Amino acid sequence: MKDEITRDDRVANLKGMGCSRKRVEDARFTQGKGNYVDDIKLDGMLFGDFVRSPYAHARIKNIDISAAMEVPGVLAVLTAKDLEPLGLHWMPTLAGDKQMVLADGKVLFQGQEVAFVVAEDRYAAADGIEAVEVDYEELPVIVDPFEALKSDVVLREDTVQDGKPVDGAHGPRKHHNHIFTWEAGDKEPTEEVIANAEVVAEETMYYHRTHPCPLETCGCVASMDKVNGKLTLWGTFQAPHAIRTVVSLISGIEEHNIRVISPDIGGGFGNKVGAYPGYVCSVVASIVTGKPVKWIEDRMDNLMTTAFARDYWMTGKISATKEGKITGLHCHVTADHGGFDACADPTKFPAGFMNICTGSYDIPTAFLEVDGVYTNKAPGGVSYRCSFRVTEAVYFIERMIEVLAIKLDMDAAELRRINFIKKEQFPYKAALGWEYDSGDYHTAWDKALKTVDYDGLRAEQAQRVEDFKAGKTRSLMGIGLSFFTEIVGAGPVKNCDILGLGMFDSCEIRIHPTGSAIARLGTISQGQGHATTFAQILASEIGLPADSITIEEGDTDTAPYGLGTYGSRSTPVAGAATAMAGRKIRAKAQMIAAYLLEVHDDDVEFDVDRFVVKGAPERFKTMKEIAFAAYNQAIPGIEPGLEAVSYYDPPNMTYPFGAYVCVMDIDVDTGVTDIRRFYALDDCGTRINPMIIEGQVHGGLTEALAVALGQEIAYDDMGNVKTGTLMDFFLPTAWEVPNYETDYTVTPSPHHPIGAKGVGESPHVGGVPCFSNAVQDAFRAFGNTHTNMPHDHWRIWKTANALGLHD
Amino acid sequence: MIPAAFEYYRPTDLAGALSILEEHGDDARVMAGGHSLIPMMKLRMADVPHLIDLQDVEGLGGIEVSGDSIRLGAMVTQSDIINHAALTEAAPILREAALQIADPQVRYMGTVGGNVANGDPGNDMPGLMQCLDASFTLVGPDGSREVDAREFYEAAYMTAREDEEILTAVTIPLPKGGYAYEKQKRKIGDYATAAAAVQLVKDGESCSAASIAMTNLSDTPVYCEAAGAALVGTTLDDAAIKAAVAAMLGGIDPSEDNRGPIAFKTHVAGVILRRAIERAWSRA
């Protein structure tokens, strides 16, 4: 057989790693043909919805459902009393705490689930909700975590025994409203270094509460088939297998009788990792009624009650020499967790990976202490487009660097440069415990600064300050810098588990006889484009075109066990499993090829889409031919078929990094910001699909812009949510979003099979401090050190006003 | 976000709509574009057992530009305003303001009549209509009457319109001179932090007429007669603008919300008005 096409053509035909293959998902999404949870309609399906508490803290004296039961179409109203005999009135949280499914005697936050109305349609359910009469007795409300730690008011009665606080899931409590203390690093050496340092900068910053706000809210459909005893649960789950295991553990239904399906998901960003009362109530309602039950949040439910993000009060001390070499870092966090600790973190990390807060810098001594606190706010604390608490950590260090630069009267870019971990120091063991896999920070930083003409920008900024002082302009210019190191790909089972479930991931591949394939993974795409990119990994690994490979996720009856998609773990963990499973396929294919070519196994080698006889490239068998032979030819010593499965337990996390620069003009009189330029250089190791990476960067930056410039979940003193609709909760549109310039360097992960590190969350992690630093930098010349986010118009105005710029 | 059950009516003439209003009194509401009323119903903050949709009612549409005035039918949408060339030529401030209302999808449905009749202090058209000295046509069981925009607003959601009346048209004297609609908002789709409508006439080097109204800075739109008067007869020097801004600040009564505290809104109102005056003057 004569080979008609060139090797380059053969590579291109695969559409493997490195090419900007178009997203295979988009054909259905752009035609409105996606299949989301709310698209699921089953015969006889009922609808459930919640009576929610209008109060942030109240005792429930009575719930009268009689009028609701009279509403046409209402079939049942569940309360905690109905769930108690089943042991389901409380449920475990991912953080080792427990959470009320339905209010058990009291409510702890506004919007808390009090009763579940089950009706023939959602209109009847809404009417039923109106008719449920709840008798509340208001209790003192605490929305400030510092006040919570001083207050006599006991928020959670289960935290007190004989008048004393009982131990929590992570050790002793300091106070009845205290959840845990978590420490990393060396306390005394750090304090000593700081006490004796030439220069110390201190700052307290509040990383405000916000919300991931996916376009599709959370929801599920539970269907209990009483004939065969099987429960099917469709839902917006970022971790379907974990949900199956948790449902089994708390319901007693054997795991093989539970099928969890995540269909298309309209964005997750961490909001859909945890378990919500709606899931439990839907399952119970389906068991009780024998009919499928759907529960779908509306936007206000989603913003007010399902998992929030951030809400960290961070106090830092950073010490350095007069020349700017950092010598120590101290960080204390007071973490507001709301009424229940429902953080989605690996079990051993109640403050997530906050201990990555030494950032990209070679800081010899550091100490971190986090205190978790209960308040009368909604539970959550999820990683909103980031790995566990990494946005908080990176914001902290990138602000502390700026604050230190001010103290030293140094350029903040130069201060970063002289403290970066050097290329030759990798793998680098950080003071707070992590081992960074690879990095080349100086190259990335220099490239970024050169591209934006950093010196030119500083000169322009200095001129602007002169002009402002001379009354020629009312606009200031801010240059936002940020250099971040992410920690993603959770994670090694030795230290990463959630509720005891190890955080490996998996891939199972079946090659079909005619040379196409299906691969199933333990992850689940929520818009990331897994069906596109995982097929590209496989195409390069097994030599079949990506277009001939179907990727399937999200059905626990078919997909191998995995821990799902969040924290940028899909590529680092499931992507690695995919490559490893592909290599098992290739190993068997090699034996088959050798047999077919009548040579020894070691005499053939893989070449793009085929095995060739070494030194005789005209003698080869394509993977397509090998696949057919695998099924249809009797080969001595080799069993038929061509399948593989891999469960991948990563040896380490991966550490993507990046260098961002934002140029912003600020109207001092109105607080209006105008982002003139945003440059984002990302190093995510090996790049699988550059187009998808760029899309991820655009999306992550836009959510960063939102958080930095206005997006928040705010409460008043009574615990009322002030930002419960999209009128007040900032979700940027094309109008508010600037043009983004993207760039990259490539520093592969040495321990990952294909060197990929993950990218989905980097732009958010790096973007938030970059936007914030731009605002803060604009006012540096006038004495500003730090102001808290979000930098919306009035808060910027307040900064300018406090600096006397309106006088 | 599910409304309580309601009866839906879609009359084809005004008499039909009025008779349903008369029959049900307080229990009935007319709906134009629905962008204010429907969300309130979904939040169950508005209880409307009888909803009268005006989409099919004859004679409520149409933009007429004549030699001395403009007539906008109540059902004219923001989008209609933006895309009407003769209207834009006659009163460009209408287009400039309409482009700052919400987003294109809302502007396809949102109407002039609904915007001015609802009495929401956040709406942009009421202040604009006060600036332009428009009048509103109200038709009720006893016939039709005209009410000046400057007399129409009593408090938030409280207007001179009686329950059984329907606002059918807006009539605007042909505006003269330079114009500006200046609005600060947090994002697309937001109500104003502060907005100013300014229309002024330049005669030689001095200002011979000026009209100013502010939006979302009180529980009604604020027509600032004294602010306009402060500009008339001046060359719009800094002292005149300062006097106009001071006069305006005396007339507004902003309240704190998520957009910011009173001090901020007051400051921004002054900045926005100054910019609007300067822009209108540059166009006069």
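Just so you know, these numbers come straight off a predicted model, no measurement behind them. Sequence lines set the chain letters: A, B, ... in the order given, protein chains first and strands last, and positions in each chain run from 1.
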Looking at B:R186 and A:D728, does any basic side-chain N land under 4.0 Å from a carboxylate oxygen?
yes
What distance do A:D667 atom CG and B:Q184 atom CD have between them, rounded to the nearest 0.5 Å?
7.5 Å
Taking everything shown except A:F468 itself, do over 12 heavy atoms lie less than 6.0 Å from its CZ?
yes
For residues 101-130 of chain B, give me every residue with a non-hydrogen atom less than 4.5 Å from any non-hydrogen atom of chain A.
none
Could you list which of residues 262-284 of chain B have a heavy atom closer than 4.5 Å to any heavy atom of chain A, in residue-number order?
B:A263, B:F264, B:H267, B:V268, B:V271, B:R275
Select one option (side chain, backbone, both, neither) describing which atoms of A:T733 are under 4.5 Å from chain B's heavy atoms.
side chain
A:H208: what forms a ring pair (Phe, Tyr, Trp, His ring centres under 6.0 Å) with it, not counting sequence neighbours?
none
Side chain from CB out, backbone as N, CA, C, O: work out which of these in A:M727 comes under 4.5 Å of a heavy atom of chain B, or both, or neither.
both
Do other residues, nucleotides or ligands put more than 12 heavy atoms under 6.0 Å from A:D717 CG?
no
Measuring heavy-atom distances to chain B, does A:D298 have an atom under 4.5 Å in its side chain, in its backbone, in both, or in neither?
side chain
Could you tell me the separation between the CG atom of B:N258 and the CZ atom of A:F730, rounded to the nearest 0.5 Å?
14.0 Å
Where along residues 34-47 of chain B does a heavy atom come under 4.5 Å of chain A, listed by residue number?
B:L43, B:R44
Within the structure provided, determine whether A:R299 and B:M1 are in side-chain contact (heavy-atom separation under 4.5 Å).
no
Nearest 0.5 Å, please: how far is CZ in A:F47 from CD1 in B:I2?
9.5 Å
Between chain B and each of A:M300, A:E130, A:R122, count heavy-atom pairs under 4.5 Å; write down the option with the most.
A:E130
